[in-house]
Amino acid sequence: MNDLHQLGLAKDSSQVAKVFAQVAPNWLAAQGAPSSYVKSVWSEYKSRFGVANQNLNGKLFELILATVLIREDILPFYVSVEVAFVPNVVYDLMVHDCAAGPVCISAKTSLRERYKQADLEAYVLKNVHRRAKYYLVTLNHEEADSLKSKLQAGELIGIDRVVIADSTEFDELVATLKELNLCAPPKVDVFTGASSVTTEKVEHLRKRPSTR
């Protein structure tokens with residue numbers, strides 16, 4: 001569990017860290033394609049704990065995807081991300097392409113109506129970062145197929161691709177991410193090219209001896 005804590009992915013005392021340690025004790029050394037790794041860990045989780053706890057399901061799935069990024073050297077990446085000028089949205093996982101900007105990986109164990117929220121999150125992200133990408137990754141095959149149909153019909157406004165995590169299409173997404181030129185996002189200057197009039201400057205002016 002300590003390695004997850006050191007990486008900033010989970011606290012040692014958290015339930016998700018304890019569960020992950022039981023279902024994927026050798027996650028960094030495990031062999032196989034990304035989709036095989038996801039399928040193996042999730043199957044072990046289901047056999048040991050079931051999937052009744054929706055909150056734990058989501059956190060564990062996000063952690064599994066984060067460890068995929070580590071295993072595949074897709075670095076740096078960021079978790080629970082707030083983006084400047086995109087209020088009230090926390091994105092699950094994100095990398096930053098030096099040329100195109102933010103690339104979001106949204107982790108959803110199931111979709112139901114939550115895809116609408118994901119699509120809105122993708123839309124507001126792209127209003128700020130026009131070249132951003134948003135990939136919705138899920139484990140529910142039936143819901144994913146339905147959402148893919150909506151995507152092809154033009155019913156979604158922000159999501160770029162719907163990906164099933166335990167299928168070869170997830171391997172293709174990972175390959176796409178590995179081709180990006182990743183870097184830390186730039187610091188944002190809200191005001192640029194401006195001459196600032198500050199309190200310090202004004203106070204200095206007031207303290208100058210009078211020329212009269």
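The structure displayed is predicted, hence computed values, not measured ones.
Remark: the Tyr45 side chain and the Asn57 side chain contain an N/O donor-acceptor pair separated by less than 3.5 Å. For the residue pair Ser106 and Tyr135, no side-chain donor N or O sits within less than 3.5 Å of a side-chain acceptor on the partner. Of the N and O atoms on the side chains of Thr138 and Tyr115, not one donor lies less than 3.5 Å from an acceptor on the other residue.
Residue Leu136 is tested with Leu147, Val163, Asp160 for a side-chain contact (heavy atoms from CB on, under 4.5 Å); the sole match is Leu147.
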Please determine whether side chain to side chain contact (heavy atoms under 4.5 Å, CB included) holds for the pair Leu65 and Ile105, giving the CA-CA distance in whole Å, both sets of side-chain angles, and the decisive distance to 0.1 Å. CA-CA 9 Å; Leu65 296 187; Ile105 300 97; 4.2 Å; yes
Under the salt bridge (charged side-chain N to carboxylate O under 4.0 Å, His left out) criterion, do Glu169 and Lys148 qualify, and how do the steps go? CA-CA 13 Å; Glu169 61 190 37; Lys148 288 176 185 178; 2.9 Å; yes
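Around the NZ atom of Lys59, the shell of radius 6.0 Å holds no more than 12 heavy atoms that belong to other residues, nucleotides or ligands.
Checking side-chain atoms of Glu143 against main-chain N and O of His141 turns up no donor-acceptor pair under 3.5 Å. In this structure a side-chain-to-backbone donor-acceptor pair under 3.5 Å is present from Lys126 to Gly158. Remark: side-chain polar atoms of Arg71 are paired, donor with acceptor, to backbone N or O of Trp27 under 3.5 angstrom. A donor-acceptor pair is defined here as one N or O able to donate and one able to accept, closer than 3.5 Å; no such pair exists between the side chain of Arg131 and the backbone of Gly101. Of the possible polar contacts, none joining the Ser40 side chain to the Ser36 backbone as a donor-acceptor pair under 3.5 Å is found. Judged purely by atom type and a 3.5 angstrom limit, Asp97 uses its side chain to pair as donor or acceptor with the backbone of Asn181. Looking only at distances, no side-chain donor or acceptor of Ser146 sits under 3.5 Å from a matching main-chain atom of Glu142. The main-chain N or O of Asp92 is never found under 3.5 Å from a side-chain atom of Tyr78 such that the two would form a donor-acceptor pair.
Checked for salt-bridge contact, Glu203 and Arg206 meet the test: a charged N lies under 4.0 Å from a carboxylate O.
The distance from the OG atom of Ser35 to the CZ atom of Phe170 is 8.0 Å, given to the nearest 0.5 Å. Taken to the nearest 0.5 Å, the CD atom of Glu82 stands 10.5 Å off from the OH atom of Tyr91. Distance CG/Asn53 to CD/Gln15: 6.0 Å, rounded to 0.5 Å.
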